[in-house]
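The structure presented is a predicted model; accordingly, all values stated were derived computationally and were not measured.
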Amino acid sequence: MRWFLKFAGSTIGLKIVMAVSGLLLFGFVIGHMLGNLQVYLGAETLNAYGATLQGMGPLLWVVRLGLLAIVLAHIGSSVALVRLSHAARPQSYKKVQPRASTYASRTMRVSGPIVLAFIIFHILHLTQGAAHPELQHCVTGADGALQCFVHENVVSAFSLTGANVAYKAFSVVFYVVAMVLLGLHLGHGAYSMVRTLGLSNPRYDRIARALATAVTLVIVIGNCSIPIAVAVGLVRTAGGH
Amino acid sequence: MNLTLHVWRQNGPSDKGRFETYQANGISEHMSFLEMLDFVNEKLESEGKAPIVFEHDCREGICGSCGFMIDGKAHGGQHRTTVCQLHMRSFKDGDVLTLEPWRAAAFPVLRDLMVDRSAFDRIVQAGGYVSVRSGSPQDANAILVGKEEVDRAFDAAACIGCGACVASCPNASAMLFTGAKISHLGLLPQGQPERYRRVQAMTQTMDEAGFGYCSNHGECSAFCPKDISLDVIAMTNRDLMAAQVKGRSEG
């Protein structure tokens, strides 16, 4: 155990903690998006998917706590590393002209906290309901089956009709901005992770970078499409919200 | 040509330091950047002022002594060029240039543009060598090494330890330098017996010296006068992970 703590506490060890937790979160983001894209398959499909997840019982909490632990590891290692970075250059340059770094790589410390704020809002918005007054929670039907209203909730959250239009428009904008920042974060993160884990190979470097960009674009476009599709009325409930 | 120089002046490690402005007039385009500073210093000395201190030795781009930031670019930013090999023809008459020393906690400023890079020596002392038994010389080429490995090892061995990687890195990380030494030896058969002990000892010394971490920005490699590839960092990470399994009992 002692060797492991020594390893994990080194700069490379902290980077590996960040890379592995980042890889797991990257996987979660892809899975989460694929689940959400079922909104285009109609209310029945999406609601059944929601009921399946909610019906997992204690296992759902195992997954949630696992995700929380991964997020904490990701944030904890980044806080430790940023402090090291400040300590390593106490006096900054009067003039710096970066050449190889990208906008995404230089703003990881900004995009990360904003994405975190989004995640908290997103949970209060479409899971817990504190930020979404019209949210309908799952109910157990007369036949004992769990009935969920994921589709209705997504539509009422982003549909620019009815009450609270300004708040809903803000929600759409916040979701889209957060997803673009998540894209920047993942664009550098995925490429950096491959290098930190020592998986890179000069022969595949360009392919790895292109693949990281492509997957990130798919995530951004896929996730952004949902609130936009609802806002412009492409996705609506049968009731005609 | 005539230039305006904003130069960092610092009387010693404990001095706070400040920028001072000098006019460099009548500069020939054939001068190297250091010769231009020599010229400025002669004038300063003739006026009874202290010359600008900068480190230099071979002035052929191979010793690694010289180096400072010119307008926010290590060694002035010309591809594969140390500041001693940078010529004034790369600049224009009337240019205003800011000269700063490498800035890193592990590289304390000794005076003006000269920093103490002995942290690099400590990293090399921790494992940047191969132990060999002396005795009668071996036959040349008795140990076969693949051409690809030789090339990669040689590319890494080109590192002159100038410190431009640390200076350019937003985190003041020494991973490119340390990685170059680790890869140079770790790719060759002679370096294998100590490979995992080496990566542990050298990266630990690197951390203790107060360098930052690598976030794969790539600035180090972009400003490296010897064009060391970022791949040496990936190899270091890979070897350090392997060392947790293979080399743990040694450490």
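- Taking B:His217, B:Arg103, B:Met69 one by one and counting their heavy-atom pairs under 4.5 Å with chain A, the maximum is reached by B:Arg103.
- In this structure, A:Tyr40 places its OH atom where more than 12 heavy-atom neighbours from other residues, nucleotides or ligands lie under 6.0 Å away.
- In this structure, chain A has no heavy atom under 4.5 Å from any part of B:Phe107.
- For A:Leu14, no part sits under 4.5 Å from any heavy atom of chain B, backbone or side chain.
- When each of A:His188, A:Gln91, A:Arg106 is scored by its heavy-atom pairs under 4.5 Å with chain B, the top score falls to A:Gln91.
- Rounding to the nearest 0.5 Å places NZ of A:Lys15 at 10.5 Å from CD1 of B:Ile233.
- Here the NZ atom belonging to A:Lys94 is positioned 4.5 Å from the OG1 atom belonging to B:Thr98, to the nearest 0.5 angstrom.
- Heavy-atom distances place no part of A:His86 under 4.5 Å from chain B, backbone and side chain included.
- Of the atoms belonging to B:Ser215, heavy atoms from both backbone and side chain fall under 4.5 Å from chain A.
- For B:Cys169, the part sitting under 4.5 Å from any heavy atom of chain A is the backbone (N, CA, C, O) and nothing else.
- Between the side chain of B:Asn237 and the main chain of A:Thr196, a donor-acceptor pair closer than 3.5 Å is present.
- Residue B:Tyr213 comes nearest to A:Leu81 through the heavy atom pair CE2-O, 2.8 Å, listed as atom of the first residue, atom of the second, then distance.
- The heavy-atom pair separating A:Ser85 from B:Asn171 by the smallest distance is OG-OD1, 2.9 Å.
- At a 4.5 Å heavy-atom cutoff, the contact between B:Ala167 and chain A is made by backbone and side-chain atoms alike.
- With a threshold of 4.5 angstrom between heavy atoms, A:Ser92 approaches chain B through N, CA, C or O but not through any side-chain atom.
- Interface remark: of the candidates B:Gly77, B:Gly218, B:Gly212, B:Pro101, B:Gly77 forms the most heavy-atom pairs closer than 4.5 Å to chain A.
- Within a 6.0 Å radius of CZ in B:Arg18, more than 12 heavy atoms belonging to other residues, nucleotides or ligands are found.
- One distance of note links CE of B:Met206 with CD1 of A:Ile12; it measures 4.5 Å at 0.5 Å rounding.
- Between B:Met241 and A:Ile16, the closest heavy-atom pair is CG-CD1, 3.5 Å.
- Within the model, atoms CG of B:Leu97 and NZ of A:Lys95 stand 8.0 Å from one another, a figure rounded to the nearest 0.5 Å.
- Interatomic distance, CD of B:Gln204 versus OG1 of A:Thr11, reported as 10.5 Å (0.5 Å rounding).
- Among B:Arg238, B:His6, B:Arg152, B:Met175, the residue making the largest number of heavy-atom pairs under 4.5 Å with chain A is B:Arg238.
- In terms of heavy-atom pairs under 4.5 Å with chain B, the best-connected choice from A:Ala100, A:Ser10, A:Pro98 is A:Ala100.
- Neither the backbone nor the side chain of B:Met235 comes within contact range of chain A, judged by heavy atoms closer than 4.5 Å.
- The contact between B:Asp231 and chain A is made by backbone and side chain atoms together, counting heavy-atom distances below 4.5 Å.
- Looking at B:Glu100, only its side chain comes within 4.5 Å of chain A, counting heavy atoms on both sides.
- Chain A forms more heavy-atom pairs under 4.5 Å with one residue of B:Ala104, B:Ser229, B:Ser221, B:Ala222 than with any other, namely B:Ala222.
- For the set B:Gly210, B:Cys214, B:Ser173, B:Ala106, the count of heavy-atom pairs under 4.5 angstrom toward chain A peaks at B:Cys214.
- By the neighbour-count criterion of 12 heavy atoms within 6.0 Å, atom OH of A:Tyr103 is sparsely surrounded, having that number or fewer from other residues, nucleotides or ligands.
- Interatomic distance, A:Met193 CE to B:Asn216 CG, rounded to the nearest 0.5 Å: 11.0 Å.
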